[in-house]
Undergrad: 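Attaching a single structure in structure tokens format; questions to follow.
These numbers were taken from a predicted model, which means no experiment stands behind them. Just so it is clear: chains get the letters A, B, ... in the order the sequence lines come, proteins before strands, and each one is counted from 1.
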2 protein chains.
Amino acid sequence: MTSIKDVARIAGVSVATVSRVLNDKGYVGQRTREKVEKAIKETSYKPNEVARSLFKKQSNTIGLIVPDIMNPFFTELARAVEDMAIKLGYNVILCNSDGNGDKEQAYLDVLKQKYVNGIIVSSNTLTAQQVEELNIPVVSIDREISKGLPTIVVENKKGAMMATRYLQSKGCRNIGHIRGSYGVVNAEERYEGYKEVVANEPWFRESYVVNGNFDMQSSIEATAELLRLHPEIDGIFAANDIMAIGAIKVAHQLGKKVPEELAVIGFDGIKLSTVMTPELTTIVQPIYKLGEISAEMLISLMEQQPIENTYCKLDVELIERNST
Amino acid sequence: MTSIKDVARIAGVSVATVSRVLNDKGYVGQRTREKVEKAIKETSYKPNEVARSLFKKQSNTIGLIVPDIMNPFFTELARAVEDMAIKLGYNVILCNSDGNGDKEQAYLDVLKQKYVNGIIVSSNTLTAQQVEELNIPVVSIDREISKGLPTIVVENKKGAMMATRYLQSKGCRNIGHIRGSYGVVNAEERYEGYKEVVANEPWFRESYVVNGNFDMQSSIEATAELLRLHPEIDGIFAANDIMAIGAIKVAHQLGKKVPEELAVIGFDGIKLSTVMTPELTTIVQPIYKLGEISAEMLISLMEQQPIENTYCKLDVELIERNST
DNA sequence: TTGAAAGCGTTACCAT
DNA sequence: ATGGTAACGCTTTCAA
């Protein structure tokens with residue numbers, strides 16, 4: 001690999017001068033600049049990013065910590081983050097934490113050791129203190145870590161209310177809820193939204209809510225239990241699309257027609273929701289947008305650009321398809 | 001951030017000694033070692049990876065270049081690679097190339113500048129020369145770049161033959177094929193497998209093959225065209241699962257019952273294929289395994305460990321579900 | 001067994 | 001306008 005010294009030697013100048021033309025900084029004579037550029041081209045020299053990073057204490061890299069990239073929500077998010085990062089001159093290191101706090105901390109540590117400029121994280125276990133100790137920009141996405149930290153989330157409660165009311169408007173009389181994991185902020189918010197709408201209904205009892213852990217398998221079990229306990233249920237609001245799909249599978253197995261006998265609505269708007277039959281009615285989050293905005297915000301923070309707003313709550317939208 | 005100098009000062013030794021205990025290399029007195037370890041703990045010192053990388057010319061990082069992480073096949077692959085990489089002490093930089101040769105080269109360049117230890121890549125445009133010029137270990141996955149380069153692929157042709165023969169065994173008399181993009185090795189191989197089985201059938205004509213470009217939208221269009229042209233078709237082999245799902249959607253729209261009137265078989269075995277109704281019969285690749293093996297092989301190469309085999313062709317399996 | 005110092009490839013300050 | 005050089009934080013050789 002050719003280094004800046006080689007270029008300097010070939011161009012007959014000092015390394016300082018080469019560095020100046022490389023970064024377009026400081027005075028360089030026209031004649032000299034040309035010589036240097038020629039040498040760079042000849043050797044197809046590419047600056048060593050590691051040496052640069054060591055000096056600058058920044059590596060032009062950002063870390064992205066998500067629970068699991070296999071979850072389609074995070075897949076799309078990751079894609080958006082990577083796209084925006086590249087566009088603005090950064091690479092991204094991908095980290096799957098499985099929601100495990102120890103893994104998260106371990107990732108934070110190595111990312112810091114690698115001089116990443118900033119980190120985007122989706123976590124429910126991380127504390128504000130852990131984040132602040134890092135002393136590098138962090139934006140929290142999908143799940144709020146603490147007021148005060150830069151955050152991008154969506155209108156979870158509002159979306160949940162929309163979903164539940166929509167089911168009512170479709171004539172559902174008994175509406176169940178498959179909730180997401182306990183302790184996860186957005187699961188709680190969606191549950192609250194549902195609760196607020198149905199709390200005063202005469203039929204409502206807490207047993208209309210079951211835990212689906214945000215994944216398909218748990219949802220299948222939870223739905224089976226829910227429908228066994230409450231065969232009168234004619235509408236289900238699932239806290240995410242994967243769980244909604246699981247619920248529909250169970251309905252099929254039980255011979256319940258969707259949407260005629262059981263209406264199902266999800267939350268997220270993952271691509272998957274349009275490929276199945278029936279296509280899923282759902283509360284759509286602007287997932288890609290979430291990722292883009294989080295990357296933009298993080299990079300603004302990293303580059304110390306003036307930033308209007310460090311807390312961003314995006315709106316959601318009900319898309320009506322064939323499962324309701 | 002505390003540096004090795006701080007630790008040395010606190011422990012009352014030289015940085016060289018600290019380095020020795022850090023890396024457990026060279027002689028260090030028992031007493032001294034304890035002092036140093038104490039200082040490390042007190043300051044919760046973490047070595048600076050960038051400085052290390054500069055010296056070592058290696059960054060404990062590998063690059064992963066895929067066309068698009070949104071394709072479920074690559075999602076699972078990425079997850080496997082990341083898991084294995086972490087397990088063996090490496091991080092991974094994620095790169096989405098969109099199959100664009102320029103982006104691929106751009107990624108190769110920055111990865112090299114960042115001193116990644118090695119790269120896993122899935123590409124049809126990259127040449128052996130481009131890869132060799134890098135002078136760092138590269139393993140090619142899912143698509144072969146050139147004999148001689150480390151490669152992990154699956155039995156594409158065999159799988160395609162299995163799929164087509166299976167359709168025959170199910171009583172299909174006229175079998176169409178939705179092929180993957182032209183120029184992509186595995187698309188060609190799967191096409192060849194199909195062709196080999198049906199070439200001598202009296203009904204066979206080239207118009208039984210349409211191009212679905214490996215994505216759902218194209219597949220939907222291609223399938224519609226195929227069924228319009230050949231309404232007699234009662235079996236379809238799609239070169240991947242996404243296209244198979246698209247084909248089933250079209251069948252639904254046309255009122256054709258799957259599998260009664262039209263049997264559909266896919267290729268890949270992505271998770272998605274089990275969540276839909278009907279569940280998809282498909283040729284399952286060991287996707288996660290592919291990712292694991294590629295990471296293992298790459299890292300063996302990087303660490304110059306003795307390596308048995310640099311070309312790995314994994315077997316596939318037909319999983320019968322409800323679409324056939 | 002330990003320490004001093006060179007070197008990894010840059011950048012930025014200070015001279016000239 | 002250009003060059004010399006310290007510094008970034010670490011590892012490793014060479015001496016002691």
Side-chain angles (χ1 to χ4, degrees), chain A residues 1-40 43-61 89 109-117 135-136, chain B residues 1-37 39-40 43-61 109-117 135-136:
Chain A
M1 280 261 286
T2 112
S3 86
I4 198 173
K5 282 188 190 167
D6 304 317
V7 177
R9 190 169 28 73
I10 292 175
V13 300
S14 75
V15 296
T17 302
V18 177
S19 179
R20 278 185 210 106
V21 347
L22 238 36
N23 299 291
D24 212 12
K25 230 176 200 173
Y27 299 95
V28 183
Q30 183 53 36
R31 184 83 192 81
T32 318
R33 158 164 278 122
E34 280 160 14
K35 277 192 302 182
V36 172
E37 276 163 354
K38 182 152 163 288
I40 289 177
T43 55
S44 68
Y45 162 75
K46 304 264 185 345
N48 180 321
E49 284 299 328
V50 176
R52 267 191 177 168
S53 301
L54 180 57
F55 188 89
K56 298 276 201 67
K57 299 181 187 297
Q58 313 246 317
S59 63
N60 287 322
T61 307
D109 287 343
V110 305
L111 290 175
K112 175 119 199 228
Q113 293 172 233
K114 282 181 182 296
Y115 274 160
V116 298
N117 303 41
N135 274 317
I136 56 179
Chain B
M1 280 260 286
T2 113
S3 88
I4 198 172
K5 281 188 192 167
D6 303 317
V7 176
R9 190 168 29 73
I10 292 175
V13 300
S14 75
V15 296
T17 302
V18 177
S19 177
R20 280 187 204 103
V21 346
L22 238 36
N23 300 291
D24 211 12
K25 231 175 200 173
Y27 297 94
V28 183
Q30 182 53 36
R31 184 82 193 82
T32 319
R33 158 164 279 122
E34 281 160 12
K35 277 192 301 181
V36 172
E37 276 163 354
I40 288 178
T43 55
S44 67
Y45 164 74
K46 304 265 183 344
N48 180 321
E49 283 301 327
V50 176
R52 263 190 181 167
S53 302
L54 180 58
F55 186 89
K56 298 275 202 66
K57 298 181 187 299
Q58 312 246 314
S59 62
N60 288 321
T61 307
D109 288 342
V110 305
L111 290 175
K112 176 120 198 223
Q113 296 176 73
K114 282 181 183 293
Y115 275 158
V116 296
N117 301 43
N135 274 316
I136 56 179

Undergrad: Taking the side chain of K5(A) as its heavy atoms from C-beta onward, which of dT5(D), dC8(C), dT2(C) lies nearest to it?
TA: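 Shortest atom-to-atom distance from the side chain points to dC8(C).
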
Undergrad: State which of dT11(D), dG3(D), dG9(C) makes the closest approach to the side chain of S3(A).
TA: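 Output: dG9(C).
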
Undergrad: Rounded to the Å, how far apart are Q58(A) CD and dG9(D) C1'?
TA: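 Rounding to the nearest Å, CD of Q58(A) and C1' of dG9(D) are 16 Å apart.
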
Undergrad: Kindly compute the distance separating NZ (K114(B)) from CG (N60(A)), expressed to the nearest 0.5 Å.
TA: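 Going from NZ on K114(B) over to CG on N60(A), the span is 5.5 Å.
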
Undergrad: Are any of K25(A)'s side-chain N or O atoms less than 4.0 Å away from OP1 or OP2 of dA12(C)?
TA: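 K25(A) to dA12(C) OP1/OP2: side-chain N or O found under 4.0 Å.
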
Undergrad: So which nucleotide from dC10(D), dG3(C), dA12(C) ends up closest to the side chain of F55(A)?
TA: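 Minimum distance to the F55(A) side chain belongs to dA12(C).
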
Undergrad: So what does V13(A) touch, heavy atoms closer than 4.0 Å: a base, only the sugar-phosphate, or nothing?
TA: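 Since only primed, P, OP1 and OP2 atoms lie under 4.0 Å of V13(A), the category is sugar-phosphate.
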
Undergrad: Taking all atoms of both residues into account, what is the closest heavy-atom pair of D109(B) and K46(A), and its distance?
TA: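 Closest heavy-atom pair between D109(B) and K46(A): OD2-CE, 3.8 Å.
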
Undergrad: CZ of R9(A) versus P of dG4(D): gap in Å, rounded?
TA: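 Distance, rounded to whole Å: 15 Å.
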
Undergrad: Roughly how far apart are I10(A) CD1 and K35(A) NZ, rounded to 0.5 Å?
TA: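 Here the rounded value is 13.0 Å.
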
Undergrad: Rounded off to whole Å, could you give me the OH-to-P distance for the Y27(A) and dG3(D) pair?
TA: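 Whole-Å distance recorded here is 17 Å.
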
Undergrad: Using whole Å, report how far CG of N23(A) lies from C1' of dT11(C).
TA: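 For the pair N23(A) CG and dT11(C) C1', the rounded distance is 7 Å.
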
Undergrad: S14(B) has a side chain; which of dA4(C), dT11(C), dC10(D) sits nearest to it?
TA: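 Shortest atom-to-atom distance from the side chain points to dA4(C).
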
Undergrad: Does a side-chain N or O from Y115(B) land closer than 4.0 Å to OP1 or OP2 of dT10(C), or not?
TA: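 No, outside the criterion.
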
Undergrad: So, does T17(B) get its side chain near the phosphate of dG3(C), meaning an N or O under 4.0 Å from OP1 or OP2?
TA: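 For dG3(C), OP1 or OP2 has a side-chain N or O of T17(B) closer than 4.0 Å.
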
Undergrad: Of the candidate nucleotides dG9(C), dC14(D), dG3(D), which contains the atom at the shortest distance from the side chain of R20(A)?
TA: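 Side chain of R20(A) sits closest to dG3(D).
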
Undergrad: Assess whether a salt bridge exists between R9(B) and D6(B), defined as any Lys/Arg side-chain N lying under 4.0 Å from an Asp/Glu carboxylate O.
TA: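 Here R9(B) pairs with D6(B) in a salt bridge, since their nearest N and O are under 4.0 Å apart.
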
Undergrad: Mind checking the OH-CG spacing from Y115(A) to L54(A)? Nearest 0.5 Å is all I need.
TA: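 With rounding to 0.5 Å, OH (Y115(A)) is 6.5 Å from CG (L54(A)).
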
Undergrad: Would you mind reading off the distance between I4(B) atom CD1 and dG3(C) atom P, rounded to a whole angstrom?
TA: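 It works out to 12 Å between those atoms.
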
Undergrad: Below 4.0 angstrom from OP1 or OP2 of dG9(D), is there any side-chain N or O of K57(A)?
TA: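 Yes.
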
Undergrad: Give, for atom CG of N117(B) and atom NZ of K56(B), the distance between the pair rounded to the nearest 0.5 Å.
TA: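 Between atom CG of N117(B) and atom NZ of K56(B) there are 9.5 Å.
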
Undergrad: When you match L54(B) and G12(B) each to their closest nucleotide on DNA chain C, which lands nearer the 5' end?
TA: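 So the residue in question is G12(B).
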
Undergrad: In whole Å, I'd like the distance from the NZ atom of K46(B) to the P atom of dC10(D).
TA: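 Spelled out: NZ on K46(B) to P on dC10(D) is 13 Å.
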
Undergrad: Give the nucleotide from the list dC13(C), dT1(C), dT12(D) with an atom nearest to the side chain of A16(B).
TA: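 Shortest atom-to-atom distance from the side chain points to dT12(D).
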
Undergrad: Mind calculating the distance between NZ (K56(A)) and P (dA7(D)) to the nearest angstrom?
TA: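 Interatomic distance, NZ of K56(A) to P of dA7(D): 19 Å.
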
Undergrad: Output the rounded distance in Å from CE (M1(B)) to P (dA7(D)).
TA: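 Between P of dA7(D) and CE of M1(B): 20 Å.
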
Undergrad: What nucleotide, of dT10(C), dG9(D), dT11(D), holds the atom closest to the side chain of R52(B)?
TA: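 Closest of the options to the side chain of R52(B): dT11(D).
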
